[in-house]
Visitor: 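Here it is, the structure, as structure tokens.
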Amino acid sequence: MPQPDRLPGTPEFRIKLPKDGGEARGHLLMEFGGNGTHKFLLQEGSMVAAEAWPGLGDHARRFRADLRADGRLVDAPADPDRPQAPPRWVTTRDIECNSSSAAAALVYGYDASGPESWRTAESHPLADYLSTGWRAPRKAWLVRGSNVSGHNLVRQLWLQEGFVSLAGAHVPPLEETDPTKSALRRFVEEGYEGAASYNQKRGLVDELHSFLTQMRVGDTVATIGDGRLHVGRITGEAVQTASPGGLSNLRRTVAWRADSHAYEELPEEVQQKLSVQHDVVDLTGVLDALDGLTGRTDPAAAGGTGEYLVAERPAQRELSLPDITGELVADLLVHGRDWLEEMRELLFDERQLVLYGPPGTGKTYLAMKLAEYFGGGPEQVKIVQFHPSYAYEDFFEGFRPVEDPETREVAFRLTAGPLRELADLASREGNRHVPHFLIIDEINRANLAKVFGELYFLLEYRTRSVRLTYSGDDFALPPNLFVIGTMNTADRSIALVDAAMRRRFAFVELSPRTEPTAGLLARWLKREDRDLEPARLLDALNARIDDADFAIGPSYLMKPGVYRDGGLERTWRTKILPLLEEHHYGEGLDVSARYGLDSLREQRP
């Protein structure tokens, strides 16, 4: 029987089974399977998981059963050193599979992605050896050229001669128009040996792949030169040509627009993307914003002339916070609209603020109410509470133990935390005009420098991006993500917030001695048609407390249980006096005599 032809230029791929269960090996074939991808040959002697998991499809189950029936899958010999090892099968002959994913499902016993599961000996995924699959009909790209080995190619060549380029001095002549990433990796490893670090070579492979394979005629291209954004449309395929020093030997022709845009006047989301420090950056996520600057390009209607056609576009919805209404003022029982207007302005200008004050002043309640009102509902609000052991990995992202639902095995996987989840939600297409709020309760109870890490920078510079510690992604905080923190000033067990954090947040005090908290209890009692005595007692209590950080807020007395028989006395004895006992600990003061209800009532005329 003739041996099927191996796909030229592709190596052997492997899958290592869990719990030291051996490995499977195979390679891609030239012939295509029924789903339009290359077939895969699983080699003789490969190990296969004997157990089929619930997630395995019916076709794969029948395939495994047929292979068992005709003897191509047999029981692997037992390992005397590992008597508890799960059962394994071994292939007695080469097995031709319809695709790499079908081969991965056969090996694992559950459905899996072949392009990601099969790896080379160097751990490169099989996907790198496949031609480019489906992509969006039109994409947008940033290509940097204002400083290529000290030369400003944007000013000197690109705009004048109508092209965009990438330096590839050591890239050999390319014989294929759409080289795979694996082929480019081989060219870079050979051509730049000793001339670039491993990280530089990795970045160059990604940039070459984007420029040569991912870009298409009709895509939007942008570049920065002399502080201005220039936008054009790609009109030609990539070509390799000679250039002095190899500074621009990989080129694509471009129809540049005559107008340009000052960098500082660009939309915030565009500035974020432009701050990513690579020579080629995918800007498709802000394609609508670029179209809004230039007018949409219709390559088909342009008839291949390279001319821009300006089509009428729907107005972009701007990010805004709802106006303060009388209903909100009445609901929150604030003393007037001005305070809420100031909160709205602070949030819109600063994007993050902290409500601080003694216990019981309604910091968390007010944060939630404002977030839900300005965000349009609880769906746009996420709440986290900091504590001393809270870390960056809990807050943003990190590797955590996760159980595979199919195999029930535990492995460490990169997992998003609440800030990353909310940022991803806020930055989705169609969400960018909708405010999203993260509430951080007890923000001063964690080591803030440890929790925020490189995100400290993004809190202050919302138009920039940074490279993340774990995923390596270039990340920016979306402009429609707002942060409200709360801080209990009576908690002396935690060091004060550092100066870097104070600079990045607006701080708003909520104190029983100042509005809107002062008088809140009296306003609530009037609305509930109750006697005002609790408000007068609370004012008398706070007048006796010499430390404003230990003043008592009104929320302790704004609960139904306080107004049942004996409720006020019970709340005073079990909630308020213990706080003051802690404040005066070691002083020998009779707290009940000084702050008790009888003493306060006797003080009244």
Side-chain angles (χ1 to χ4, degrees), residues 264-269 271-272 315-357 361-383 419 422-423 426-427 431-441 443-444 452 455-464 476-487 489 497 499-520 523:
E264 60 272 11
E265 296 175 1
L266 296 173
E268 193 167 295
E269 58 182 326
Q271 290 189 38
Q272 287 180 340
Q316 295 289 321
R317 301 184 68 178
E318 297 291 334
L319 173 66
S320 63
L321 296 179
D323 293 333
I324 303 301
T325 63
E327 291 80 3
L328 180 66
V329 174
D331 182 42
L332 296 181
L333 290 172
V334 298
H335 62 294
R337 183 188 297 263
D338 291 345
W339 187 85
L340 287 175
E341 291 284 2
E342 183 180 65
M343 294 289 289
R344 178 180 178 275
E345 293 299 321
L346 278 174
L347 276 170
F348 194 77
D349 292 341
E350 303 295 333
R351 306 293 170 89
Q352 51 258 347
L353 62 80
V354 168
L355 303 176
Y356 72 99
T361 49
K363 300 178 290 296
T364 304
Y365 175 83
L366 186 59
M368 291 191 296
K369 282 291 188 179
L370 291 176
E372 290 179 7
Y373 177 78
F374 289 133
E379 296 81 7
Q380 281 73 248
V381 180
K382 187 177 285 288
I383 303 173
L419 176 56
L422 188 63
S427 59
N431 279 357
R432 294 171 186 163
H433 67 286
V434 179
H436 289 67
F437 283 81
L438 177 69
I439 297 174
I440 305 175
D441 201 29
I443 192 171
N444 59 322
F452 279 92
L455 305 178
Y456 250 174
F457 175 83
L458 297 181
L459 289 173
E460 186 169 8
Y461 298 98
R462 287 294 190 103
T463 62
R464 307 302 296 268
L477 284 175
N480 57 329
L481 176 60
F482 299 82
V483 182
I484 302 178
T486 69
M487 190 173 81
T489 55
V497 177
M501 183 58 75
R502 287 190 177 277
R503 191 173 70 249
R504 287 161 170 80
F505 282 77
F507 280 73
V508 177
E509 182 181 14
L510 292 181
S511 169
R513 301 179 181 183
T514 59
E515 292 290 357
T517 309
L520 176 62
R523 292 190 290 270

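Just the heavy atoms: all of them, side chains too, but no hydrogens, waters or symmetry mates, feed the values below.
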Visitor: If the condition is side chain to side chain contact (heavy atoms under 4.5 Å, CB included), which residues does S427 pass it with, not counting sequence neighbours?
Guide: P478
Visitor: How would you list, by chain and number, every residue that makes a salt bridge (Lys or Arg N to Asp or Glu O under 4.0 Å) with E350, sequence neighbours excluded?
Guide: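 For E350, no residue satisfies salt bridge (Lys or Arg N to Asp or Glu O under 4.0 Å) once neighbours in sequence are set aside.
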Visitor: Using the side-chain hydrogen bond (donor to acceptor under 3.5 Å, both in side chains) criterion, which residues pair with N480? Sequence neighbours excluded.
Guide: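 By the side-chain hydrogen bond (donor to acceptor under 3.5 Å, both in side chains) rule, N480 matches no residue at all.
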Visitor: How about F457: does its CZ atom have over 12 heavy atoms from other parts shown lying under 6.0 Å from it?
Guide: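 Yes - once you tally the heavy atoms of other residues, nucleotides and ligands closer than 6.0 Å, there are more than 12.
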Visitor: Taking ring-ring contact (aromatic ring centres under 6.0 Å, His included) as the definition, give me every residue that meets it alongside F348, ordered by chain and number, with sequence neighbours left out.
Guide: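 In terms of ring-ring contact (aromatic ring centres under 6.0 Å, His included), with neighbours along the sequence ignored, F348 is linked to no residue.
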Visitor: Do T489 and E509 come within less than 4.5 Å of each other through their side chains, counting heavy atoms only?
Guide: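 In short, these two side chains do not touch, never coming nearer than 4.5 Å.
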Visitor: Listed by chain and number, what are the side chain to side chain contact (heavy atoms under 4.5 Å, CB included) partners of T361, not counting sequence neighbours?
Guide: P358, K363, L510, P512, T517
Visitor: Angle class for the F505/F452 ring planes (parallel below 30°, perpendicular above 60°, tilted otherwise)?
Guide: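 If you compare the ring of F505 with that of F452, the planes turn out perpendicular.
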Visitor: Not counting sequence neighbours, which residues clear salt bridge (Lys or Arg N to Asp or Glu O under 4.0 Å) with E460? List them please.
Guide: R503, R504
Visitor: Using the side chain to side chain contact (heavy atoms under 4.5 Å, CB included) criterion, which residues pair with V334? Sequence neighbours excluded.
Guide: V329, L332, W339, L340, P516
Visitor: Quick one, V483 with L419, criterion side chain to side chain contact (heavy atoms under 4.5 Å, CB included). Give me CA distance, side-chain angles, the key distance, then yes/no.
Guide: CA-CA 10 Å; V483 182; L419 176 56; 5.5 Å; no
Visitor: Please report the interatomic distance CD(Q380) to CG(L422), rounded to the nearest 0.5 Å.
Guide: 9.0 Å
Visitor: With distance as the sole test, does E269 use its side chain to make a donor-acceptor pair with the main-chain N or O of P479 at under 3.5 Å?
Guide: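 A pair under 3.5 Å: no.
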Visitor: Does the side chain of H436 come within less than 4.5 Å of L438's, by heavy atoms?
Guide: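 With C-beta onward as the side chain, the pair stays apart.
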Visitor: Report the residues that fulfil salt bridge (Lys or Arg N to Asp or Glu O under 4.0 Å) with R462, sequence neighbours left out, ordered by chain and then residue number.
Guide: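 Partners of R462 under the salt bridge (Lys or Arg N to Asp or Glu O under 4.0 Å) test: none.
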Visitor: Hey, what do you get for CZ (R464) to CG (L458), rounding to the nearest 0.5 Å?
Guide: 10.0 Å
Visitor: A side-chain contact here means heavy atoms from C-beta on lying under 4.5 Å apart; do T463 and L266 qualify?
Guide: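 When only atoms from C-beta onward are counted, L266 and T463 do not touch, as no gap falls below 4.5 Å.
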Visitor: Quick one: side-chain hydrogen bond (donor to acceptor under 3.5 Å, both in side chains) partners of S511, sequence neighbours excluded?
Guide: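 side-chain hydrogen bond (donor to acceptor under 3.5 Å, both in side chains) check on S511 returns nothing, list empty.
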Visitor: Nearest 0.5 Å, what's the CD1-CD1 distance between I439 and I383?
Guide: 4.5 Å
Visitor: With sequence neighbours excluded, tell me which residues meet ring-ring contact (aromatic ring centres under 6.0 Å, His included) with Y365.
Guide: none
Visitor: Quick one: does any side-chain atom of Q352 pair with a main-chain N or O of L459 as donor and acceptor, under 3.5 Å?
Guide: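 A pair under 3.5 Å: yes.
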Visitor: Identify all side-chain donor-acceptor contacts of residues 366-377 below 3.5 Å with residues at least two apart in sequence or on another chain.
Guide:
residue : atom : partner : partner atom : Å
Y373    : OH   : D323    : O            : 2.4

Visitor: Could you state the interatomic distance from NZ (K382) to CD1 (I440), rounded to the nearest 0.5 Å?
Guide: 12.5 Å
Visitor: Can you measure from CG (D349) to CZ (R344) and round to the nearest 0.5 angstrom?
Guide: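 D349 atom CG to R344 atom CZ measures 10.0 Å (nearest 0.5 Å).
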Visitor: Nearest 0.5 Å please: distance from the CD1 atom of I443 over to the OG1 atom of T486.
Guide: 8.0 Å
